> 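Mind having a look at this structure? Questions to follow.
Please read these numbers as outputs of a predicted model, since none were measured by experiment. Computation of the quantities below employed the complete heavy-atom set of this structure, encompassing side-chain atoms and omitting hydrogens, waters and symmetry-equivalent molecules.
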Amino acid sequence: MNFFSYKVEHDYGLAPNPFGKYCTLAVCKPSIRKNKNLSIGDWVIGTGTRNLNRINHLIYAMRVSERLTFNEYWRDIRFSYKKPNVNGSLVQIFGDNFYHKNENSVWTQEISAHSFVDKEKHTQTDTSGENVLISEEFYYLGRKSRLIPVGLREICNKGRDMKYKGISEELGLEFISWVKSNFDIGINADPINWIDFENEMNQLTLFD
């Protein structure tokens, strides 16, 4: 069993997308999604950053139960609710099911949270990952992120991308045991960066 750990720079409910029955990783982190050493049953772990003011915090952990291509993900009716609606609720705005290939095998990016800034760059990066990771066993903490105990912090990636080779199975299993003992399975709180939208709404109220 492998454990893939990386730092979450932004937490909008897009990567990962924890909503509904499934937690999915469909955009960002292509090095994990296409990794030849990732197998069904492995864990993906996202920890906090200075950008989120949550260094060494657990943001989420998901056990990979399926791995789909983008076209499989797009066509699968189980994940229709993850297709974004940028005029909808925050859950709908940050839907992650928006890549597929057209009849000419050209990538299509439906209107989404990745469409408004650096669209082409996002498309190139995201689709280089080849796969969408699906999880039915996940622990998403969001703004209720918890500081990881000192003895388990070796799980955290200190570099720019991700790590798994430096995480022993013993450490990984001990870390997952801590997660299962302290948190409810599924969504424990809203995404951290949703507070940005709450602040915007408060300002509109103040100056309306």
> Identify whether the distance between the nearest side-chain nitrogen and carboxylate oxygen of R67 and E72 falls below 4.0 Å.
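Salt bridge absent between R67 and E72.
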> Look at the rings of Y99 and F70 and say which category their plane angle falls in: under 30° parallel, 30 to 60° tilted, over 60° perpendicular.
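Judged by the thresholds at 30° and 60°, the geometry between Y99 and F70 is perpendicular.
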> So do S65 and E137 actually touch side chain to side chain, heavy atoms under 4.5 Å?
no
> The criterion is side chain to side chain contact (heavy atoms under 4.5 Å, CB included); which residues satisfy it with H100, sequence neighbours excluded?
N71, W74, T108, E110
> Can you find a heavy atom in the side chain of F79 that is under 4.5 Å from one in the side chain of V132?
no
> Would D11 and Y60 count as having a side-chain donor-acceptor pair, cut-off 3.5 Å?
no
> Can you find a pair of side-chain heavy atoms, one from L147 and one from R153, that are under 4.5 Å apart?
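With C-beta onward as the side chain, the pair touches.
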> If you count every heavy atom of other residues, nucleotides or ligands that lies below 6.0 Å from K158 atom NZ, does the total exceed 12?
yes
> Would you find more than 12 non-hydrogen atoms of other residues, nucleotides or ligands less than 6.0 Å from N102 atom CG?
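Yes, the 6.0 Å shell around CG holds more than 12 heavy atoms from other groups.
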> For the pair D161 and K29, find out whether any cationic side-chain nitrogen is under 4.0 Å from an anionic carboxylate oxygen.
yes
> Check L58, L171, I176 against I155 for a side-chain contact (heavy atoms from CB on, under 4.5 Å) and give me the one that passes.
L171
> Would you say that V64 contacts V44 through its side chain, given a criterion of any heavy-atom pair below 4.5 Å between the two side chains?
yes
> Among W178, F138, Y140, whose ring-ring contact (aromatic ring centres under 6.0 Å, His included) with F183 holds?
W178
> With a 4.5 Å cut-off on side-chain heavy-atom distances among I, L, V, M, F, W and Y, is there a chain of contacts connecting F4 to I59?
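Linked, F4 and I59 end up in one cluster.
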> Are any side-chain N or O atoms of Q92 and backbone N or O atoms of S89, one a donor and one an acceptor, separated by less than 3.5 Å?
yes
> Could you verify whether a donor N or O on one side chain and an acceptor N or O on the other, from Y73 and D96, lie under 3.5 Å apart?
yes
